[in-house]
Protein chains: 2
Amino acid sequence: MELLWGTGERPTRGPKPGLTLDRIVGAAVTVADAEGIGAVSMRRVAAELGVGTMSLYRYLPGKGELLDLMLDRIAAFDPAEFPGPEAGWRTVLETVARGSWQLHHRHPWLLQVDQTRPLLGPNSVNALEYTIRGLSGVALRDPEKIRLLMIVEGYVAGAARTRLNSALAEKRTGITDEEWWKIQGPFLVQAMESGRYPHLAQLSEDTFAFDDEGDEGDALFELGLGRLLDGIAAYIERRGG
Amino acid sequence: MELLWGTGERPTRGPKPGLTLDRIVGAAVTVADAEGIGAVSMRRVAAELGVGTMSLYRYLPGKGELLDLMLDRIAAFDPAEFPGPEAGWRTVLETVARGSWQLHHRHPWLLQVDQTRPLLGPNSVNALEYTIRGLSGVALRDPEKIRLLMIVEGYVAGAARTRLNSALAEKRTGITDEEWWKIQGPFLVQAMESGRYPHLAQLSEDTFAFDDEGDEGDALFELGLGRLLDGIAAYIERRGG
DNA sequence: GATGACCGCGTACGGCGTACCCAGTTTTCG
DNA sequence: CGAAAACTGGGTACGCCGTACGCGGTCATC
């Protein structure tokens, strides 16, 4: 908590610290980006910084806090760069959703950290402020706005998860879609031929032939986001009159 | 894979196995339900069954496969109990979404397993068949149906994640919402008073005062699902003509 | 210059997944 | 019927992990 907001006070006695929280968190994020969250261990991060493992504990109570700090760090965000309330609530929500989507893209490990709670660090609060400001023109009560926002964020997380699964499958075992179907295929063909899945068996062949990770993954995300916002728009119109 | 579909053949020689895959997976699910996925270790599961740790490896190549099997096992599902295509695509999608939602409710660890890929076991395929059948009346091409389904599933996963975060926060540290605000509050109050977050500061006080876990969590889920399906309905109408 | 606070970090403990290997059991074959 | 083969159970050990503990060196203060 204090770590997140940087309100801890330096004691005056004793040697100056050779490290900073920032450097530690930065190193951890670098490792996570490059090798996945699984590679982020206290030993590994310490090695990255050329210090002993236990030195990190002078700056952090434990690994959990490190993960919390990583989460808030990558949420850094400058509202001035993005459309304000005058652009309309839909544009703002789209901006937030796409920003979050790209965040998941840049840091795929985001979904894999045990996020025991939505920790509110400075950057997260900053983003929240931006969003609420963007919804100021909406004729709903505050709690309802928050709910809609949570729904959109939830959708983004879900979509990111869908894509992450594909990406991980490929990375982890070095298996591509093609190889995967080679392994999985026979079992499925057998299942299809069993006659227990008539509707599945009748699907056209190209049904599953698309890439979740590239442009088509983005298209899927946008399709869902568009539908969700359509529904929300109708709701706002109906309720807000 | 073979494990999932149960197509492995028993060798004739040697002693009969004292365990079954089913018992192992069942024990693992029991442990996960009761104490979270973190408590599921090979040693723990073996202890639960009263056998040595390494005995499990006679039935499973490793822990990853155990998790895969757990996932498919809890996806057991009897299509006959649920509305068929005659009820309309929306009802079917709602059924699927609510089923998945309740599944996450019953097995909160579902989201925490590193689902490297959407493994298609018999139960998952079964559910997929049901859904596709339910969409047979929709005037869209097959790939598009699948995409809409993925979007809905993604939304459910995201919503479940939102709720999971709240639940975990409470369980993990035994901290309730109230205590949490006691800790987090001062920092946020300070942030609010800094004047950097005018719109947040102006939110009514009850904005965040709702329980993600109980009925209000369900209401949030239903609200989002309704909006999403509204948007999908408009889309189908527009495209399917 | 002594004192006490603080930093870096080596060592050690208890957990984990699992590779390896041996002993015991059951079936099959000569 | 005895021996060999095939299989199961599981003990031991290795290399990871997070981190509790404590020690020696460093620096601001009295």
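Chain letters run A, B, ... following the sequence lines, proteins first, then strands; residues in each count from 1. Only this structure's heavy atoms are used, side chains among them; waters, hydrogens and symmetry mates stay out.
- The side chain of B:Ser55 places an N or O atom within less than 4.0 Å of a non-bridging phosphate oxygen (OP1 or OP2) of D:dG10.
- Considering only residues two or more places apart in sequence or on other chains, A:His104 meets the side chain to side chain donor-acceptor pair (under 3.5 Å) condition with none of them.
- Within residues 34-51 of chain B, the residues that place at least one heavy atom under 4.0 Å from DNA chain C are, in residue-number order, B:Val40, B:Ser41, B:Met42, B:Arg43.
- A search for side-chain contact (heavy atoms from CB on, under 4.5 Å) contacts involving A:Glu222 returns A:Arg98, A:Leu225, not counting sequence neighbours.
- Between the two ends of the helix from C:dG1-D:dC30 to C:dG30-D:dC1, each summarised by a five-pair axis, the helix axis turns through 20° (rounded to 10 degrees).
- For DNA chain C, no neighbouring residue in residues 22-31 of chain A is found when judged by any heavy atom under 4.0 Å.
- With sequence neighbours left out, the side chain to side chain donor-acceptor pair (under 3.5 Å) criterion links A:Glu153 to no other residue.
- Qualifying side-chain contact (heavy atoms from CB on, under 4.5 Å) partners for B:Leu67, counting only residues two or more places apart in sequence or in other chains: B:Ile37, B:Met70.
- Partners of A:His105 under the ring pair (Phe, Tyr, Trp, His ring centres under 6.0 Å) rule, at least two apart in sequence or in another chain, do not exist in this structure.
- At D:dG9, one or more side-chain N or O atoms of B:Tyr59 fall inside 4.0 Å of OP1 or OP2 (strictly under the cut-off).
- Here salt bridge (charged side-chain N to carboxylate O under 4.0 Å, His left out) pairs that include residues 43-54 of chain A, with residues two or more places apart or in two chains, are A:Glu35-A:Arg44, A:Arg44-A:Glu48.
- Listed by chain and residue number, A:Trp101, A:Tyr155 satisfy the ring pair (Phe, Tyr, Trp, His ring centres under 6.0 Å) test with A:Phe221 (two or more places apart in sequence, or in another chain).
- The ring pair (Phe, Tyr, Trp, His ring centres under 6.0 Å) search around A:Phe82 returns A:Phe77, not counting sequence neighbours.
- In this structure B:Asp22 satisfies the salt bridge (charged side-chain N to carboxylate O under 4.0 Å, His left out) test together with B:Arg73, sequence neighbours excluded.
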